[in-house]
Amino acid sequence: MNRAQKIAWAFVIIISTALAASLVAVGILTWYVGMPRALLGFCFMSLSGFGGLAPLVFKKDPGAAHADERDELFHRRAAIAGFATAYLVFGAACMIPFFVLGPKAMVPVRWLPTIYMGAGLSHYFVYSLTILSQYGWKASDVEN
């Protein structure tokens, strides 16, 4: 398993764990404090920031070739897939309130960081899944 796969697995595991913890927290808080305040359970999504430490944990191998044309192609495809997903998430976050609430409704400014976070996390999640699917899902799928 190469460094890119290890980093991608770290992102997938960390983002999935943070999302699961957030959904559990929202579910539990709904029973105790009601729905508008229960959305504070999504604060567990901030744990996704630990994914940024993955490149520091998985160091580059000294002396080994770090990337070839195939690796660059995989990263380019993953970046395009991640960008397209983030663009779709951002577009949906902008257009769904328009169609549901109507053109005269106003979106509170406090939702903007949440929209930005959702687009960013969706980008990294899809980027990581694309890397894993192109290299193979496990170490034995990679040909040396």
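Computation of the quantities below employed the complete heavy-atom set of this structure, encompassing side-chain atoms and omitting hydrogens, waters and symmetry-equivalent molecules. On a predicted model such as this, the values are computed, not experimentally measured, just so you know.
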So, taking the atom named [atom1] in [X] and the one named [atom2] in [Y], what distance separates them when rounded to the nearest 0.5 Å?
{"X": "W9", "Y": "S128", "atom1": "CH2", "atom2": "OG", "value": "10.0 Å"}
{"X": "I131", "Y": "D71", "atom1": "CD1", "atom2": "CG", "value": "8.5 Å"}
{"X": "C43", "Y": "L29", "atom1": "SG", "atom2": "CG", "value": "9.5 Å"}

Apart from [X] itself, what residues make up its hydrophobic cluster when side-chain heavy atoms of I, L, V, M, F, W and Y under 4.5 Å apart count as a link, directly or indirectly?
{"X": "L101", "result": "I96, V100"}
{"X": "L88", "result": "none"}
{"X": "F98", "result": "M95, F99"}

State, to 0.1 Å, how close [X] and [Y] come at their nearest heavy-atom pair, and which atoms those are.
{"X": "A81", "Y": "T130", "value": "CB-OG1, 3.7 Å"}
{"X": "A92", "Y": "P97", "value": "O-CD, 4.0 Å"}
{"X": "T17", "Y": "I13", "value": "OG1-O, 2.7 Å"}
{"X": "A86", "Y": "S122", "value": "CA-OG, 3.7 Å"}
{"X": "L132", "Y": "A8", "value": "CG-CB, 3.8 Å"}

Would you say [Y] ends up clustered with [X] if hydrophobic residues are merged whenever their side chains have heavy atoms under 4.5 Å apart, either directly or through other cluster members?
{"X": "I7", "Y": "L47", "answer": "no"}
{"X": "F42", "Y": "W31", "answer": "no"}
{"X": "M117", "Y": "V12", "answer": "yes"}
{"X": "V89", "Y": "V126", "answer": "no"}
{"X": "I28", "Y": "F44", "answer": "no"}

Show every side chain to side chain donor-acceptor pair (under 3.5 Å) that has at least one partner inside residues 74-83, sequence neighbours left out.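 Matches after skipping sequence neighbours: H75-Y127, R77-Q134.
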So which of L23, T114, L121 actually passes side-chain contact (heavy atoms from CB on, under 4.5 Å) with M45?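 Of L23, T114, L121, side-chain contact (heavy atoms from CB on, under 4.5 Å) with M45 is met by L121 alone.
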Answer yes or no: does atom CZ of F58 have more than 12 heavy-atom neighbours from other residues, nucleotides or ligands under 6.0 Å?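 Buried by this count: over 12 neighbours within 6.0 Å.
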Spell out, as yes or no, whether a donor-acceptor pair under 3.5 Å connects the side chain of Q5 to the backbone of N2.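 Indeed, once roles are kept as given, a pair shorter than 3.5 Å links the two residues.
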Sub-3.5 Å donor-acceptor pair from the side chain of H123 to the main-chain atoms of F83, do we have one?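 Confirmed, H123 side chain pairs with F83 backbone.
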Go through the structure and list residues passing ring pair (Phe, Tyr, Trp, His ring centres under 6.0 Å) with Y124, not counting sequence neighbours.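 If we apply the ring pair (Phe, Tyr, Trp, His ring centres under 6.0 Å) test to Y124, skipping adjacent residues, the hits are F11.
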Could you work out, with ring pair (Phe, Tyr, Trp, His ring centres under 6.0 Å) as the rule, every residue matching F74, not counting sequence neighbours?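 Ring pair (Phe, Tyr, Trp, His ring centres under 6.0 Å) check on F74 returns Y135.
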For residues S16 and F125, determine if any side-chain heavy atom of one lies less than 4.5 Å from a side-chain heavy atom of the other.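 The answer is yes; the side chains approach within 4.5 Å.
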